**Student:** 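I am attaching a structure below and will ask some questions about it afterwards.
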2 protein chains.
Amino acid sequence: MDQVEIFKALSNKTRLQILGWLKEPATNFPDQPNADFENVGVCVGQIQLKAGLSQSTISEYLSILQRADLISSTRLGQWTYYKRNKEGLEKLSEIINTEL
Amino acid sequence: MDQVEIFKALSNKTRLQILGWLKEPATNFPDQPNADFENVGVCVGQIQLKAGLSQSTISEYLSILQRADLISSTRLGQWTYYKRNKEGLEKLSEIINTEL
DNA sequence: TTGGCATATCGGGAAAAGTCGATATATTTG
DNA sequence: CAAATATATCGACTTTTCCCGATATGCCAA
């Protein structure tokens with residue numbers, strides 16, 4: 001994964017917020033029914049609701065974050081759940097600490 | 001400083017390279033005459049030479065990095081020297097580790 | 001198997017970023 | 001002070017990003 005793409009993914013207020021929300025899903029998405037935050041994460045609709053942007057925009061933003069390895073997705077039935085990707089964030093931290 | 005602006009500053013290959021070069025100035029700018037890397041850093045012309053983009057572009061890039069607190073500048077005579085800003089980078093690391 | 005949700009993809013218009021050459025400003029030196 | 005040099009700023013053009021509505025796709029239930 002290109003480093004520039006990681007930083008581009010983070011260069012947007014809404015995408016940064018989403019990542020922050022997914023760090024504490026139980027706190028930030030108290031209304032998600034049948035939540036299994038640990039294993040699957042939060043579904044697109046809940047994130048969209050909280051972000052207040054269009055469905056297509058949020059779907060796109062989530063895929064940008066996923067391409068940057070910052071989040072990962074699981075499909076369950078008609079829902080796609082996204083969660084924080086610990087490994088990707090650790091790698092980012094590593095880049096900053098060793099290369100910049 | 002807005003977090004988004006920090007990540008935007010890093011969302012460009014050349015700017016990322018500059019920051020990397022300034023981490024090891026003695027290695028990356030062996031030709032700078034009268035170099036005082038510790039105290040002042042590297043002058044714009046040397047960075048421009050290495051980056052291979054126009055003078056105006058590099059000047060602008062350096063000011064973007066400075067606005068993001070990732071580097072700092074010192075004017076000495078007709079030269080402006082830029083160096084890595086340790087504190088800003090530590091703060092960035094902190095953001096990633098605690099908020100994302 | 002059809003209708004209804006949830007999500008993804010597509011196409012586009014507006015805004016921002018990338019990058020340049022030209023010009024302005026500051027500093028040193030003759 | 002005038003010329004020379006280093007850097008900053010400006011104006012312009014191209015490319016990318018933002019964000020939307022419309023449409024497509026996938027999945028479930030009746």
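Note that the structure is a prediction, hence the values are computed from the model and not measured. In what follows, chains are A, B, ... by sequence order, proteins preceding strands, each numbered from 1.
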**Student:** So does A:F7 get a backbone contact from the side chain of A:S11, meaning a donor-acceptor N/O pair under 3.5 Å?
**Tutor:** yes
**Student:** Can you measure A:Y61 atom OH to D:dT16 atom C1' for me and round it to whole angstrom units?
**Tutor:** 13 Å
**Student:** Should A:S54 be listed as having a side-chain N or O under 4.0 Å from OP1 or OP2 of D:dC20?
**Tutor:** yes
**Student:** According to side chain to side chain contact (heavy atoms under 4.5 Å, CB included), who are the partners of A:K83, at least two apart in sequence or on a separate chain?
**Tutor:** A:S72
**Student:** Got a list of protein N/O to nucleotides 5-8 of chain D N/O distances below 3.5 Å?
**Tutor:**
unit_1 : atom_1 : unit_2 : atom_2 : d
D:dT5  : O2     : B:Q78  : OE1    : 2.9
D:dA6  : O3'    : B:Q78  : O      : 3.4
D:dT7  : OP1    : B:V44  : N      : 3.2
D:dT7  : OP1    : B:T80  : N      : 3.3
D:dT7  : OP2    : B:G45  : N      : 2.8
D:dT7  : O3'    : B:T80  : OG1    : 3.1
D:dA8  : OP1    : B:Y82  : OH     : 3.1
D:dA8  : OP2    : B:S59  : OG     : 2.9
D:dA8  : N7     : B:Q55  : OE1    : 3.3
D:dA8  : N7     : B:Q55  : NE2    : 3.0
D:dA8  : N6     : B:Q55  : OE1    : 2.8

**Student:** Just checking, is any N or O donor in the side chain of A:S56 or A:S59 under 3.5 Å from an acceptor N or O on the other one?
**Tutor:** no
**Student:** Between the protein and nucleotides 15-17 of chain C, which nitrogen or oxygen pairs come in under 3.5 angstrom?
**Tutor:**
unit_1 : atom_1 : unit_2 : atom_2 : d
C:dA17 : OP1    : B:K8   : NZ     : 2.9

**Student:** Using atom CG of A:L65 as one end and atom P of D:dC18 as the other, report the distance to the nearest whole Å.
**Tutor:** 11 Å
**Student:** Could you tell me how far apart A:L53 (CG) and D:dT17 (P) are, to the nearest whole angstrom?
**Tutor:** 18 Å
**Student:** Round to the nearest Å and state the distance from B:Q17 atom CD to C:dG18 atom P.
**Tutor:** 14 Å
**Student:** Tell me: CD of B:Q66 to P of D:dT9, nearest whole Å?
**Tutor:** 10 Å
**Student:** What residues form a salt bridge (Lys or Arg N to Asp or Glu O under 4.0 Å) with A:K50, not counting sequence neighbours?
**Tutor:** none
**Student:** Take atom CG of A:L76 and atom P of D:dC27, then tell me their distance rounded to the nearest Å.
**Tutor:** 12 Å
**Student:** Taking salt bridge (Lys or Arg N to Asp or Glu O under 4.0 Å) as the definition, give me every residue that meets it alongside B:K91, ordered by chain and number, with sequence neighbours left out.
**Tutor:** none
**Student:** Less than 3.5 Å apart, which donor and acceptor atoms pair up between the side chains of residues 17-25 of chain B and the rest of the protein, not counting sequence neighbours?
**Tutor:**
unit_1 : atom_1 : unit_2 : atom_2 : d
B:K23  : NZ     : A:L100 : O      : 3.1

**Student:** Suppose we screen for side chain to side chain contact (heavy atoms under 4.5 Å, CB included). Which residues come up paired with B:Q48, at least two apart in sequence or across chains?
**Tutor:** B:Q55, B:I58
**Student:** Going by the rule salt bridge (Lys or Arg N to Asp or Glu O under 4.0 Å), which residues pair with A:E87 if we only count those two or more places apart in sequence or in a different chain?
**Tutor:** none
**Student:** From CZ of B:R67 over to C1' of D:dT9, roughly how many Å is that when rounded to an integer?
**Tutor:** 12 Å
**Student:** Suppose we screen for side chain to side chain contact (heavy atoms under 4.5 Å, CB included). Which residues come up paired with A:T80, at least two apart in sequence or across chains?
**Tutor:** A:V44, A:S73, A:R75, A:Y82
**Student:** Would you kindly give the CG-to-P distance between A:D2 and D:dT16, to the nearest whole Å?
**Tutor:** 14 Å
